[in-house]
Each structure stands twice: as C-alpha cells, then as structure tokens.
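Here is the structure we will look at, set down as structure tokens.
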Amino acid sequence: MLHPGRGGVRRGPGDHQGHGRGRADEDRPRGLRQLGAEQRDADQRGAEQQRPAKPNRRHHRPGPREANTFPKGTHMTEQTTKTDERDYDEYRVVQDLGGWKRTHSCSQLTAANVGEEVTIMGWVQFRRDHGGLIFIDLRDREGLTQTVFSPEVAPEAHERAHAIRIEYVVALRGIVKPRPEGMTNTSMHTGEIEVYVTEWKLLNTSDTPPFPIEDRVDAAEMLRLKYRYLDLRRPRLARNFILRNKAAQSVRRYLDSLGFLEIETPVLTKSTPEGARDFLVPSRVNQGMFYALPQSPQIFKQLLMVGGLDRYFQIVKCFRDEDLRADRQPEFTQIDIEMSFPDEEQIMGMAEGLVRTLFAETIGVALPAAFQRMSYKQAMDEYGVDKPDVRFGLKLVDVKDIFVGGGFKVFAGAPMLKAIRVPGGLELSRKEIDDYTEFAKIYGAQGLAWIKVKEDGEWQSPIVKFFSEDEKAKLAERLGMVPGDIVFFQAAPADVTNASLGNLRLKLGERFGLIDEKAYAPLWVTDFPLLEYDPEDKRWVAKHHPFTSPQPGQMDTIASDPGGALARAYDLVLNGNEIGGGSIRIHTPGAQKAMFSALGIGEQEAEEKFGFLIEALKFGAPPHGGIAFGLDRIIMLLTGSKSIRDVIAFPKTQKAACQMTEAPNVVDNRQLRELGIRLREKVAEAAPEETKNEA
RNA sequence: GGAGCGGUAGUUAAGUUGGUUAUAACGCCGGCCUGUCACGUCGGAGGGCGCGAGUUCAAGUCUCGUCCGCUCCGCCA
C-alpha cells in the first residue's frame, strides 16, 4: 500500500519539512537550497533510519537524477533545459505560529471588512499560480476565502507562495480589498472580496490527499473511511457535524428548560438476556466475569426515577452487537428521556415539543402543531409496516373476503390477501413488473399478482381468468379501479403479505413521484401489542421491552390471549423512519413479576437477572415513563444523508470494522492471560505471539 | 446464515465473441503565464487489473476459491 506522496523521498514521522516533492537536493545546485538545507538533510537521515528504503516504483523519475550519475559534463549540454527546473523545498520550512492569532474564519469576510488587516488560517483548497499573480483559496470548516499573492504588493510573500500546494496549512495576513470590477464570484459567500497577502506562515505541509477534498468528488467509501480525517474536511461532512452539534445543544436547552437533569449512567454494566446481542467486556479483577455495554440505559433511567430525580435525560452511546445497515451502527447515540408521574399525553406532548424545537432550530422547518396519530393495527392494515410513510397514499386494501370459497385457489386459500391500487400504473413495463416481483420475493413472497386496467376498461392480467364475475365486480368496487390503474396483489402469510406490499408501496411511491421530498410528516404509532410470538424460541417475547406497562385491564387476559394485550407504548415515525419510541413503564413489583412470568421468565431467573429492579420497585417507585430518540437517524433526516455513516464521525463498515484504526484486532496473549481468557485453537491461529504486537 | 452489486494508474471510470505495448479524464511533477476562481497552456512520470489457484498457445476478460466494500433479507426487546 503506497502513500500518495509527491516525490521520491518518503517522509518519516516528525518530519514536517515536506521535502520530497521534487528530486533530491543534490540534483539541483541552485541558490534556492541554501536556506534550511542543513536542517532538511538531518531530517532526511532521520526519516531514512526510521523507514527503511523501499523500492518505490511509482515515483521513479528519469531525468537529471540519472544524468547526475554520469561523469560531470558528459551529458550536461543536453540537460541544460531541464536544469532550469526548480525545487521549492527551501520554502517548505514549517514555521511556528509565533503569536499570530486568527481574526476571522474563512467564511466571514465581506465588503464590510474592506481595508482591514486580517489574519486567516486554514487549508489550501485551490492554487491558481499565474506566474505573476497567485490565487489561493483558503478553506476552514466554515468556508472559503480567495487570497492573492502579488509580486508588487509583497514580493517575498509572493516568491515563497510558489511552493504552496493543496492541503498545506497556512496562516495568511493581509489586507481585505474589494474584487476588481466584474471579478466578483457570486457563488461564494466571500466572493465580493479578496485578501491581498502581505506576509504568511507555512504551518504544515501535506502529502497529496488520496482523494480530493471536495464535495463533488465521489471517492470510494472504503477510502474515505480509511482517511476519515480527510473526509471530514469536506464541506458536506463538516456541515453534518456542525448541524449535529446544533441539534444536541437544542435538545439540551429544551430539556433543561423543562427541568430535565442530564445524568450519566454506566457504560460497564450487566448483560441483559432479552433483546439484542450484548457487547461483552471481560473483567480482569473478577476473572471469568463480564460486563456488558448497554443496549440502552433503560433500567438505570427507571432507577433514577425511583431515586426521586424526577426528570432525566442523556445524550448517550448505546451498543448492539447486531448486523449493520445503512441506518444501523453497532454503537449509536440516543436521546434518552424519562420522567416521573406522567401519562402518555404528557410524554408525547413533551416529545413533540422537542422534535418541533429541534427542526425549527436546526433547519428552520416548522412541524405541525399536533402530530398525526395512528394505531399499530391501522398502520399494519393500511401500510403493512409499523412505521408508515404518510406523505402519500397507495394504501393496502384487504380483499380476502371477496375470494373466500372462490375458484382461484391461490387467493381463496391465502392466510392474508391484500391489494394495492396504483393510479397511472398502466404505464409500467413488463420488465418493471418483473423487477417488482423479484422485489416482493426478498420478503418471502412466492410471486406478485397484478391487473392492469386498460384505457378501454378491459383488464389485462395473468390471473383474472380465474375470477368469477361477482369477484371482479366486488374487487373493482372495493378498490375503485379505473382505467390507467395497475393493482398488485399479495396472497401469503400475514407477515409476508404486509412486508412485501408495504415495502412495494414505498418503491411505487418513489416510482410515481408521489413523495414530496420537502415534506415532513411526523406520526405517532400507538397501541402496540405488548407481546409477540417468537417462532424460533417458541415463546412470547416483549414487543417493546419487558418493562413496558400493559394498557389498563390487559394483564388479566394476558394468559388466555397473549397476542391480544396492548401496551402503553408509542413510536414516533417521520417519513417512514422510526426516530423514537417509548412507553409508560411498569412501576410495581407485582406487575413486573407478572410480566416476567408471561414472558416465561421464571421467578428465580427474574431474580438473578433483574432482582435489583424488582427490589427497587418495592421501595416506592413512582409511576414513570419516557422515550428515546435515535439521534443519528434524526441527523440523517435533517441533513438528507443516505447513510448513518455520514453523520457519525468515525463509523464502522458493514463488518463492524474501522478502516482507519483496524479495530477490532487481536491482542497480546499477555493481555488475555491477565483476563483469564484463552482463545479456542481456530481463533488463536490468527492471534499474534505476545511479543510481536506492533506499536 | 443468505441474496445482489462492486474491486483496473493517486482518484473516478472505459476495456467488444479471451488476442499486438491496458485507455481516458482529473490529480501529481516540471516549464510558461499579472485577474484566476474546478485558471489556462506545453511537457513528463505513474498501473499489469483485490488476492490465490485453474482452463488455454494466450486471461483484466472464462472457472473455482478467498479477502474487502456497499445495498438488502434474517437479526436489531
């Protein structure tokens, strides 16, 4: 893996000189090299010691270097044109700040500053060297400023500026001047002015970056992640983190104003058996024992309520050892909130205020005064998913009853049969329909039935020949079918029907341009089932978590009808994304025990795993409840990012690895021995000898 | 655990039914240039196609394996 250096000489650690751009010094006996040459030679020796010479094919450069291996004079006449080449390394001596202070950021200067002497510092974005005038666009996280080096204004500064390259770090001092008539750049915030540099300091050089530091460049994500610190310099990412900070501060201000206390909870905590896989941390002091990283601070925030602290919040890292997605990372950030003596309305009202404030203060969007609400049942019935995107229609319609006992076995015998009518869908090509069929199969569907209603009203479909006239009539009426439509059907088990049609609906919404990209449609989904059946474990598990309170009276029927019990839980959905969820919690030991029992967790097991919680509930736990928001997902929505990685400073790849640090990695056997851990043979092969760990 | 897509100069990509010396643009290095702003212009260097086998007279192109990245299903109380 070669570094994209500019010259033939590799730089070692601590070498700030930036030599190695051109050929080695001895190739060019010119006056330029007097300054700082000694220093450089010393550095070079140091660098070579630390980094043994490696054949570097890339930087092989024929020319004077080879010429010099000939006896002096033999070929020199032929080389004379080449010896005019210059080496700017003498100017690439890194300087101290020497007391210089920044007066402005790179986005600040406007016509109002004309005539001022300013000092700006940052990275070189572009260099336009005209031989005479040199233009440098200087970048910091805020923006760009054009600077001018003129031989008439400052000859020394101008001469040295020939050495400046992209991503060099410089401090520029100069006078703000209006740009000449007709030379303003309207696409730049600072486009009315330019800074005439009078003196400047080179604060650091830079190797050529592996990819350009510009938004318009589409570098491979692997590369961006390996050089994440360079990726972060790009305006798009910088903007994301500036906004993320704004959002976090907005949350703090809002919750603080309502009396919520920001309290930290442990990161080294106890494994919880329910839910996602835990990340485990071995204990050295207690060999053979493990901490777990929190999947959420759920139990701690409840205990803070038992502790009488009344209102808590935390912007907190949570960890789940599950597979990654475009919107899922193994460590992510939650806005975690809990309050005492609330009902659902209070929490939802507080949460709406929070989200409304957040959107107003970050992107200036006014969300509706009251968010739309929908029961879980309605969401599943009409949208097939528990996080509907309500920016558009195309609702799912249950048509099972029409075909019960009918002649078309696929429909008549289906556990669930739903249809989705798409106005204008007549234009879909065979290929598109086939693609949608493949799409449906991802969710376990066997196929995808369809009917096109042609302009003359005739139905075109591979399946209508199996329908009776009565079925056709009822179907047309139920769906309101008109010419130009296509109707898709899914006949399958409930989960497959809902998932395939629910997700197809989203694709169709996009295909037919039904989604207003600028709209924000928040939606509360309420009345979730308390439990859901896990066919793998063959038992009922908590849909939300086992501390969620059932709705009044639901506990009584839980044994007879576990699937029918409803929870005091609510999710906040925005444009089809789940951005938050919470519940009123169980706050009496009796109810909590009953819940564990319903989940098939025995008294002894409950005692071992959650004994401290049950005990706490015995000591006057107040009624309490809360909510948690996925901060990363909210920032994704606010910034329009397609990937959660674009809103996390140092994210992990799909294999949960960090391209930059190469975490996770093997550790010394010594470290393992201290922890009382021995790796199984197969794994141990990859582990290093204990003495060999690279620094 | 599974499905799909991808890996070719520093980067982004092209590369035909396997066939001379693997293309281009940008970037890089150097020359020239006093009004550019993704400056221009002239010249130059730079890769053997993720890695490993195999088929073949011949492999970037075909086969198998493997590694890495992305999207998705499962999973994510």
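Below, chains carry the letters A, B, ... as their sequence lines are ordered, and counting in each starts from 1. In what follows, every heavy atom counts, from backbone to side chain, and hydrogens, waters and symmetry copies are set aside.
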Can you identify which nucleotide, out of [options], has its nearest atom closest to the [X] side chain?
X         : options                : answer
Arg645(A) : U71(B), G35(B), C75(B) : U71(B)
Arg128(A) : U36(B), U34(B), G69(B) : U36(B)
Glu322(A) : C76(B), C68(B), C70(B) : C76(B)
Lys655(A) : U11(B), C72(B), C68(B) : C68(B)
Pro151(A) : C68(B), U34(B), U36(B) : U34(B)
Phe126(A) : G69(B), G30(B), C39(B) : C39(B)

**Asked** Is Phe135(A) stacked on the base of U36(B) when the test is centres under 5.5 angstrom and planes under 30 degrees?
**Response** yes
**Request:** Identify whether a stacking contact exists between His130(A) and U36(B), where the ring centres must be under 5.5 Å apart and the planes under 30° apart.
**Result:** no
Ignoring hydrogens and angles, answer whether the base of [N] and the side-chain atoms of [X] contain a donor-acceptor pair closer than 3.5 Å.
X         : N      : result
Asn185(A) : C37(B) : yes
Arg328(A) : C75(B) : yes
Arg179(A) : C37(B) : yes
Arg325(A) : G74(B) : yes

**Asked** In terms of ring plane angle, is the pair His545(A) and Phe547(A) parallel, tilted or perpendicular, where the classes change at 30° and 60°?
**Response** tilted
Find the distance [X]:[atom1] to [N]:[atom2] and express it as a whole number of Å.
X         : N      : atom1 : atom2 : answer
His162(A) : C32(B) : NE2   : P     : 9 Å
Asp207(A) : G10(B) : CG    : P     : 14 Å
Glu536(A) : C76(B) : CD    : P     : 9 Å
Asp323(A) : U71(B) : CG    : P     : 12 Å
Leu133(A) : C32(B) : CG    : P     : 16 Å
Asp495(A) : C73(B) : CG    : C1'   : 13 Å

Check this for me: [X], atom [atom1], are more than 12 non-hydrogen atoms of other residues, nucleotides or ligands nearer than 6.0 Å?
X         : atom1 : value
Glu322(A) : CD    : yes
Lys507(A) : NZ    : no
Asp534(A) : CG    : yes

**Prompt:** Hey, is G48(B) sitting syn or anti, using the within-90° cutoff around 0?
**Reply:** syn
**Message:** Using the rule given for ring pair (Phe, Tyr, Trp, His ring centres under 6.0 Å), can you reason through Phe149(A) versus His162(A), listing the C-alpha separation, both sets of side-chain angles and the distance that settles it, and then say yes or no?
**Reply:** CA-CA 10 Å; Phe149(A) 295 74; His162(A) 285 297; 9.5 Å; no
**Request:** For U55(B) and G15(B), measure between their C1' atoms and round to the nearest Å.
**Result:** 22 Å
**Prompt:** What does Leu223(A) touch in the nucleic acid at a heavy-atom separation under 4.0 angstrom: a base, only the sugar-phosphate, or nothing?
**Reply:** sugar-phosphate
